[in-house]
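A short worksheet on the structure shown next.
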Amino acid sequence: MTVRPTPEQVLSLAPDKAAAAAALSSASATSWSAAGCDDTAVWGNYIAASAEPYMVAIDLSDDQAGPAYRCNCPSRKIPCKHALGLLLFYANDGVVRAQRLPFAAEWLQRRAARAQAHDEQPAIADTVASHDGGEEGTAGAGALGGAARAPRVQFGDADPGRLKRQLERSERMRAGLQELDRWLADRIRAGLAAPELADIGTWDRLAARLVDAQCGALANRVKRVATKVGQHAQWHEDVLEELALLHVLAVGAQRTSALSSELAEGVHVATGLTVAKDDVLAGVPSTARWIVAGESRTREDRITVQRTWLCDAAGSPGGRTTWAMLLGFGVFGAEVGSPYPIGSALEADLHWYPGGIALRALVGLQHSEARPYAPGPAPAPIAEALAACGWAIAGEPWLERYPLCISAAPAPLGNGRWALTDTTGSVPIVAGFWRMAELVCVSGGAPITLVGEWSTDGFLPLTAWGNNQVVVL
Amino acid sequence: MTDIGASAAAEWAALVGTAVLGTDRRPLPPPAAGWESLGRDATSRLPDAAVELLDRAAAVATARRAGIRPGPALTLMPPAPVDPRPVCSDTASLLLGRLLVGEHDVLLPEWFARCRSAGLQIPPHLVPALLLRGRRNPTFDAAARSVIGQRAAWLAEAMPELGIKGIPTAPARALAAPAVQPFVPPAPPPDSGAVVSAIVSTFHDQAATWAAAPQLRTAVAGIDPVWLPALILELNRASFSAVTERARVDLLGLARTRMQMVEAFAEAAPDGAAIRPDDPAGTRVRLAP
C-alpha cells in the first residue's frame, strides 16, 4: 500500500506551469470516466475533445523512482496534463476503488514483468528502455516539452547523458518558445505603430532571451525582422508577415508531436535544434554529379554564413532540379573558404539534413574531384522555377530563400530597378544588387543561364553562365 | 475559388489595419469569405484577439508567400553589337581583375596594348569596372574603350544610371593638361640589361627604399620582358636589408605579374605582335660589384 500523495506533491511533478494549470482544470469528475484505483495504481479514461478518450494509467508501486505514467495522448510531456489531472483527482480523494480496466491491467503486468527482468540484469537507463512502448515513461525521464521529440534520439542509446542533455535543452527551448509567443501577442495587442517596436533594444532583448533558450536560429530571425521596421512605407505588412511566421514556428515547435515527422523536423531545424553531423552522415545518401551552382554569404551576428548551392547535373525524372545547400561558417572578418570552385562539378554522396524541404546537406563520400563543367546547370522557365519555389514555401512557409536556375535576360523596370525576364514572365532583382552592370554587360541584352536565390525581396543573382564563361556575381 | 485572391487581399488589409493600431484599440474584424476556417486553431480555447490575429495572419502570409507569381514578360532591350574578336584567356582576364583592384596597376597600359595588338576582347564582366574608372580619367577611358569596342556605347545607353558617356570622355581642360600623362606603356629603354643591372645595384647600395619604389616600378614595367627572369633571379638573391625589403617584395611581385601577363598573351597569339627581342633569353646580368 503506497501513501496517497498530497495535491502539492502532485503539482511538483508537473513538467511546467502550463501542464500544472491544465491538470488543475482536468482534475474533476466531469473530465473522467471509469476512473478507478487500487493499492498500487490509478487509471481512467479522459474525455477529450477528440472522439476517442485518452486511456490514462499511473503506476504508484515504486516509491523510490516515483510514479510511472501511461497516456495515449500525443503530448510528449511526461507526465502529461491528463496523467497529472488524474493523479490530482486521486489526491483529492475523487477516485474510487475499482477493478482494473483491461488496458491498465495489461500495462501494469508488463511493467511488473520488466521490473523483474531489470532486477536480474544491471539497468542502463530505465528511462530510455521504458520508451520502447512509445507511449509510456517514468517520472525519471524528467520534464520535457513537445520539442523533446528530438529526431535523432536513438532508442536504446548507450549514452544516458546525451538523452538527459537533450531533454534539458528541449525544456529550455520550450520555455523560450512560450515566451516568444507571449511577446508576439503583446506586440499585436499594443500595435505595430507602438514606439517600442522602433527601438532596436526591444528586439535585441528578445533575441538575447532566445539565444539563452538555445533557439539561435529564431534569434537570428528576430534580428532580421528588426531591420525591416520602418524600411519603407509598407513595412507594417512585412513585419506582420514575419511576426505571423514566428508565431507559426513558436506554436508548431511546441506541438511537433501533432505534426507529420518531416514537418516536425523542419520546425526543429528552423527553431535551432541542431542535428549532429554524424547523425546526418548516417542517413541514406543521394549519389549524383553535382554542379557547384553558386555561393552567397550573409552576416549573422558576428559570424559569416556561407551558402553553397549544388544542383543535380542530370536533373531528376520529373524535370525538377534537385538542390542542395552546403553551409559554411566563419567568424566575422575572416573569410569563409569556398569548398569547391563555382561552375565545377563533382560526383559525390550527399546526405540530407532532416526536414520536409530537404535543402541542407553534407558531402559524404566524394567519388571524383571537382572539375570544370562547361555545360552548366539546366535552366527552367521563370514561371516553372517560381512555381517550384512556391511549392517549397507552401511546405515550409518560414523558408527565407530558395534557389532558382533560369535562362533570362535583364530588363529595366525604371527607377534604377531591374528584372529578369523570359517569355513566361519576369522576376524582380533585389534592390541594391551592386553587380547589375556586370550582369547586363555579360548578357549583352540576350538570355543567359543564371543561378540565384529567391527571397521576398526579389531575386539575388549569384552566378551567370555566358560565352562559355562562368561569372561569379 | 476565383475570388480567393481578392478575399486574401481584403483579409490581409483588415489584419494589417488592426495589427498597426493593436487589438487593444481596434477590434478584429470577422474573417473575409474563404478564410473562416483557415488559421483558426481548434484546440485553443483562449478568446485572445491577438493570438487569433496572428493565427489568421499566418494563414494569409503563407498563401501570399507561396502564391508567388512571375511578373509580366518584359520587352528585351536592344542586343549588344556583336563583337567578332575572341575573348582573352582566363589567365589574362584574372590578371586584369587583379590590376584593376590596384595590384601593380602600373601594368594596366601594357595589358591594354597587348590585348589590342593580339586582337582580343575584354571579358564582358570587367567592362563596367573599366568604364567606371574612366569616368574621371580621360586618357584611361580612351585606352579602355579602344579595347572594349562598341559594347561601351551600348552599355552607356542601356544603363544610364551608371553615368557613363556614350562617347569617350572629353579631353581635360587646358589648365589640367600638363598633369595628364598619356595612357601608354612606358617606352622600353635602349638597353634593358643595363636597367636591370641598375635596379639590382640599388639593392646592393641600399638605395632601393620604399620612397624610391615608384621609379623602380616604372623601370620594371618598361624593361624588355626577356630580362624579367634574370631580374626575378637577382631580386631573389639580394641579401636581406630592413631598408630595402619592402621595395624588394613589391618589385618581385610586379616582375612575376608581368611575366604571367606576357605568357598569357603569348599563348593566345603565338604569332602576334608580342614583344620578341633579339637577345637570347637567359642572358646573365653583369652586376656592378
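Only a predicted model underlies this, so the values are computations on that prediction, with no experimental measurement involved. In the text below, chain A, chain B and the rest are named by the order of the sequence lines, each starting its count at 1.
Taken from CD1 in Ile188(A) to CG in Leu21(B), the straight-line distance is 11.5 Å, to the nearest 0.5 Å.
Both the backbone and the side chain of Leu386(A) come within contact range of chain B, each with at least one heavy atom under 4.5 Å from a heavy atom of that chain. Contacts between Thr75(B) and chain A at a heavy-atom distance below 4.5 Å involve the backbone alone (N, CA, C, O). Residue Glu237(A) touches chain B through both its backbone and its side chain, counting heavy-atom pairs closer than 4.5 Å. Neither the backbone nor the side chain of Leu473(A) comes within contact range of chain B, judged by heavy atoms closer than 4.5 Å. With a 4.5 angstrom heavy-atom cutoff, Leu74(B) touches chain A via backbone and side-chain atoms both. With a threshold of 4.5 angstrom between heavy atoms, Arg26(B) does not approach chain A through any atom at all. Heavy-atom distances place both the backbone and the side chain of Leu54(B) under 4.5 Å from chain A. With a 4.5 Å cut-off on non-hydrogen atoms, Thr456(A) touches chain B through its side chain but not through its backbone.
Put simply, the side chain of Gln469(A) reaches to within 4.5 Å of the side chain of Asp90(B), judged on heavy atoms. Between Arg189(A) and Asp48(B) the shortest side-chain heavy-atom distance falls below 4.5 Å. Residues Val51(B) and Asp181(A) form no side-chain contact, since every pair of their non-hydrogen atoms from C-beta on lies 4.5 Å or further apart.
Annotation for Arg85(B): atom CZ counts as buried by contact number, over 12 foreign heavy atoms lying within 6.0 Å. Remark: Glu103(B) CD is packed, more than 12 non-hydrogen atoms of other residues, nucleotides or ligands lying under 6.0 Å away. Around atom CD of Gln150(B), no more than 12 heavy atoms belonging to other residues, nucleotides or ligands sit under 6.0 Å away. The environment of CH2 in Trp391(A) is sparse: at most 12 heavy-atom neighbours from other residues, nucleotides or ligands sit within 6.0 Å.
Between chain A and the options Met159(B), Glu161(B), Met77(B), the largest number of non-hydrogen pairs under 4.5 Å is found for Met159(B). In terms of heavy-atom pairs under 4.5 Å with chain A, the best-connected choice from Pro78(B), Ala80(B), Ala158(B) is Ala80(B). Put simply, of Leu15(B), Leu53(B), Asp24(B), Leu132(B), the one with the most heavy-atom pairs under 4.5 Å next to chain A is Asp24(B). The greatest number of non-hydrogen atom pairs below 4.5 Å with chain B, out of Pro410(A), Gly466(A), Ala387(A), is found for Pro410(A). Heavy-atom pairs under 4.5 Å with chain A were tallied for Ala61(B), Pro79(B), Pro72(B); the largest tally goes to Pro72(B). Residue with the most contacts toward chain A among Leu126(B), Val87(B), Thr62(B): Thr62(B) (heavy-atom pairs, distance under 4.5 Å).
Close approach to chain B, defined as a heavy atom under 4.5 Å from one of its heavy atoms, is seen in Val440(A), Cys441(A), Val442(A), Gly444(A), Gly445(A) of residues 440-450 of chain A, taken by number. Using a 4.5 Å cut-off between non-hydrogen atoms, the part of residues 426-436 of chain A that approaches chain B consists of Ser426(A), Met436(A).
When all heavy atoms of Leu76(B) and Ala409(A) are compared, the pair lying nearest together is CD2-CB, 3.5 Å. When all heavy atoms are compared, the tightest approach of Pro70(B) to Thr424(A) is CG-O, 4.2 Å.
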Quiz prompt | Full working for salt bridge (Lys or Arg N to Asp or Glu O under 4.0 Å) between Glu396(A) and Arg65(B) | solution = CA-CA 10 Å; Glu396(A) 289 193 357; Arg65(B) 288 170 71 110; over 6 Å; no
